[in-house]
Amino acid sequence: MPAPAGPRGHVHLPPVDSFDLSGAVDALVLVNELQSWAEAQKVKLVNRIREHYRVKALLQYEVSGAAEEEASFHAAEEVGAALRLPTRTARALVESSERLVHAYQRTFIGLESGKLSWRHAATIVEECVGVPSDAVARFEEELIDTAEHSTVAKLTRQARGLRQILHREAAPERKSRAEAERRVVLEPAADGMAWLSAYLPAEQACGIYNRIDAGARFLQDPDEDRTLTQLRADVFTDLLTHTCASDPSTGAGFRGVGATVHITVPALAVLNQLPGAGSEGPGSETAYGADHTGSGGESASADQRLYAVLEGYGPIDTDTAARLAAHAPSFTRILTHPETGAALSIGRTAYRPPKHLQDWVRVRDKTCRHPGCNRAATATEIDHTIPWHQGGSTTHTNLACLCSKHHTLKTNEHWHYRQPEPGTIITSSPAGKTYTTQPPPF
């Protein structure tokens with residue numbers, strides 16, 4: 001049988017298919033305990049990285065709070081790049097690790113001994129926020145007892161109920177902290193779909209949902225073939241994107257948000273999808289908003305990826321791209337060629353790149369080019385990889401997208417960037433680790 005997991009423990013498994021049913025379940029539990037122990041070691045290492053930055057920050061800041069914030073910030077960047085985690089996820093890992101090691105040692109011992117999973121431990125830490133310091137140890141102990149015998153969902157419900165009974169004073173602080181985290185998130189899904197979700201105060205979220213639900217139920221009738229679920233989705237879409245011709249001030253119309261959608265459409269990919277397909281003319285190329293030649297003037301190869309890309313989502317089918325292109329009020333050239341008149345470089349003649357060069361870099365990079373950062377290119381700054389004051393030129397081979405946060409890290413020389421080839425970014429962290437990223441394919 002496998003050896004027990006735990007501190008410095010190990011599990012030796014014979015071939016998995018050699019277990020009978022009972023033995024397989026026993027081995028699964030032990031492997032799960034070992035996984036918890038490994039998560040505890042990750043917590044220690046993440047906190048060690050944070051402590052390194054904390055020492056440096058204490059030498060820089062007189063206020064301890066500023067030093068703690070600075071330490072968490074830089075540790076999250078280092079950890080996120082190393083583990084390929086988004087910044088928000090890495091920051092949560094850094095903060096949870098610090099709390100587990102220093103403030104919630106009972107929970108940490110439960111994780112390291114294999115009695116708690118990482119999700120259970122992280123949930124206990126989160127649910128203890130706002131509980132008075134003189135009562136938090138007792139509250140933590142009760143949650144650990146529950147966590148060792150329940151799912152995370154049941155642990156969360158138990159924690160909320162217990163906190164409401166024993167520590168109602170924690171609610172305002174937690175509410176204020178949570179409201180500061182409100183956000184809207186776009187998450188691409190499969191088959192040309194995406195999730196658009198909003199993290200909002202409960203009363204606002206319920207009010208929005210009830211309005212959508214009321215509108216959907218109003219549309220129900222015997223001749224309506226859409227389900228109630230589909231109607232809710234359609235009402236939600238109409239409220240945000242539809243524009244009625246009537247005057248909204250009279251209550252007879254509604255002016256929705258004018259959505260701007262950017263798509264990169266290879267002309268050959270939709271050539272047979274649009275009205276008039278097959279006809280050739282002097283405007284046939286520019287009508288689709290993209291040239292199929294590289295920056296060196298070479299013709300596109302036969303195996304070039306011929307699919308459209310919806311900015312913020314990714315590849316979409318050509319039927320959808322054609323429909324969007326057919327209704328687009330204007331087009332912007334994306335791939336350029338000397339014959340089009342849009343240059344890929346203005347050398348040292350100007351610091352600020354012209355709009356068409358900014359557009360090219362944003363379309364090429366898609367997101368901020370710092371490892372793990374997914375901020376859309378439209379919300380980033382165009383940065384000279386070799387700074388302008390150090391002789392860097394304003395050319396697509398020396399420009400890249402960086403969000404304001406990572407642009408500041410570069411400017412302050414915490415992180416360093418190189419671009420040996422157009423679009424290839426080599427990033428070096430304060431720990432001396434390097435990460436190479438390529439722009440997504442068109």
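Nothing here was measured: the structure is a model prediction, and the numbers come from that model.
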Just wondering, do [Y] and [X] contact through their side chains at under 4.5 Å, heavy atoms?
X      : Y      : result
Arg88  : Arg183 : yes
Leu111 : Tyr104 : no
Trp415 : Ser429 : yes
Val235 : Phe218 : no
Arg217 : Leu231 : no
Pro439 : Lys366 : no
Leu162 : Thr146 : no
Thr394 : Trp388 : yes

How about Leu59: does its CG atom have over 12 heavy atoms from other parts shown lying under 6.0 Å from it?
yes
Neighbour count above 12 (heavy atom, 6.0 Å) for Arg174 CZ
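Yes.
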Are any side-chain N or O atoms of [X] and backbone N or O atoms of [Y], one a donor and one an acceptor, separated by less than 3.5 Å?
X      : Y      : value
His52  : Arg48  : no
Asp365 : Cys401 : yes
Asn398 : Ser393 : yes
Arg226 : Asp234 : no
Gln390 : Pro387 : no
Arg50  : Ala75  : no
Asn210 : Cys206 : yes

Closest approach of [X] to [Y] (non-hydrogen atoms, all atoms of both residues):
X      : Y      : answer
Ala202 : Lys175 : N-NZ, 4.3 Å
Ala431 : Tyr53  : N-OH, 4.3 Å
Ala67  : Ala57  : O-CB, 3.5 Å
Asp383 : Leu402 : OD2-CD1, 3.7 Å
Pro420 : Ile426 : CG-CD1, 3.8 Å
Glu140 : Gln105 : OE2-N, 4.2 Å

Enter the distance from [X]:[atom1] to [Y]:[atom2] here, rounded to the nearest 0.5 Å.
X      : Y      : atom1 : atom2 : value
Ile208 : Asp213 : CD1   : CG    : 13.5 Å
Leu409 : His414 : CG    : NE2   : 6.5 Å
Met193 : Glu187 : CE    : CD    : 13.0 Å
Ile124 : Glu142 : CD1   : CD    : 12.0 Å
Glu148 : His120 : CD    : NE2   : 9.5 Å
Ser113 : Trp37  : OG    : CH2   : 13.0 Å

Contacts table for residues 126-137: side-chain donor-acceptor under 3.5 angstrom, sequence neighbours left out:
from   : atom 1 : to     : atom 2 : distance (Å)
Glu126 : OE2    : Arg177 : NH2    : 2.6
Glu127 : OE1    : Arg163 : NH1    : 2.6
Glu127 : OE1    : Arg163 : NH2    : 3.4

Could you tabulate the donor-acceptor pairs under 3.5 Å formed by side-chain atoms of residues 154-161, not counting sequence neighbours?
from   : atom 1 : to     : atom 2 : distance (Å)
Thr156 : OG1    : Val152 : O      : 2.9

Could you walk me through whether Leu100 and Trp118 pass the side-chain contact (heavy atoms from CB on, under 4.5 Å) check?
CA-CA 11 Å; Leu100 277 169; Trp118 163 252; 3.6 Å; yes
Test of understanding: with side chain to side chain donor-acceptor pair (under 3.5 Å), list the residues that count as partners of [X], not counting sequence neighbours.
X     : result
Lys44 : Glu112
Ser96 : none
His74 : Glu70

Residues that Glu77 engages under salt bridge (charged side-chain N to carboxylate O under 4.0 Å, His left out), provided they are two or more places apart
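Lys405.
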Between Tyr435 and His370, do the side chains contain a donor N or O and an acceptor N or O under 3.5 Å apart?
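No - no donor-acceptor pair under 3.5 Å links their side chains.
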Verify whether one side chain among Thr380 and Arg375 offers a donor that lies under 3.5 Å from an acceptor in the other.
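Side chains of Thr380 and Arg375: no pair found under 3.5 Å.
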Does Val43 form a side-chain contact (heavy atoms from CB on, under 4.5 Å) with Glu39? I'd like the steps, not just the answer.
CA-CA 6 Å; Val43 164; Glu39 292 287 357; 5.7 Å; no
Derivation and outcome, side-chain contact (heavy atoms from CB on, under 4.5 Å), residues Glu51 and His102
CA-CA 12 Å; Glu51 287 295 322; His102 296 290; 3.4 Å; yes
Determine whether Leu399 and His384 satisfy the following criterion, side-chain contact (heavy atoms from CB on, under 4.5 Å), listing intermediate values before the conclusion.
CA-CA 5 Å; Leu399 297 174; His384 289 72; 3.9 Å; yes
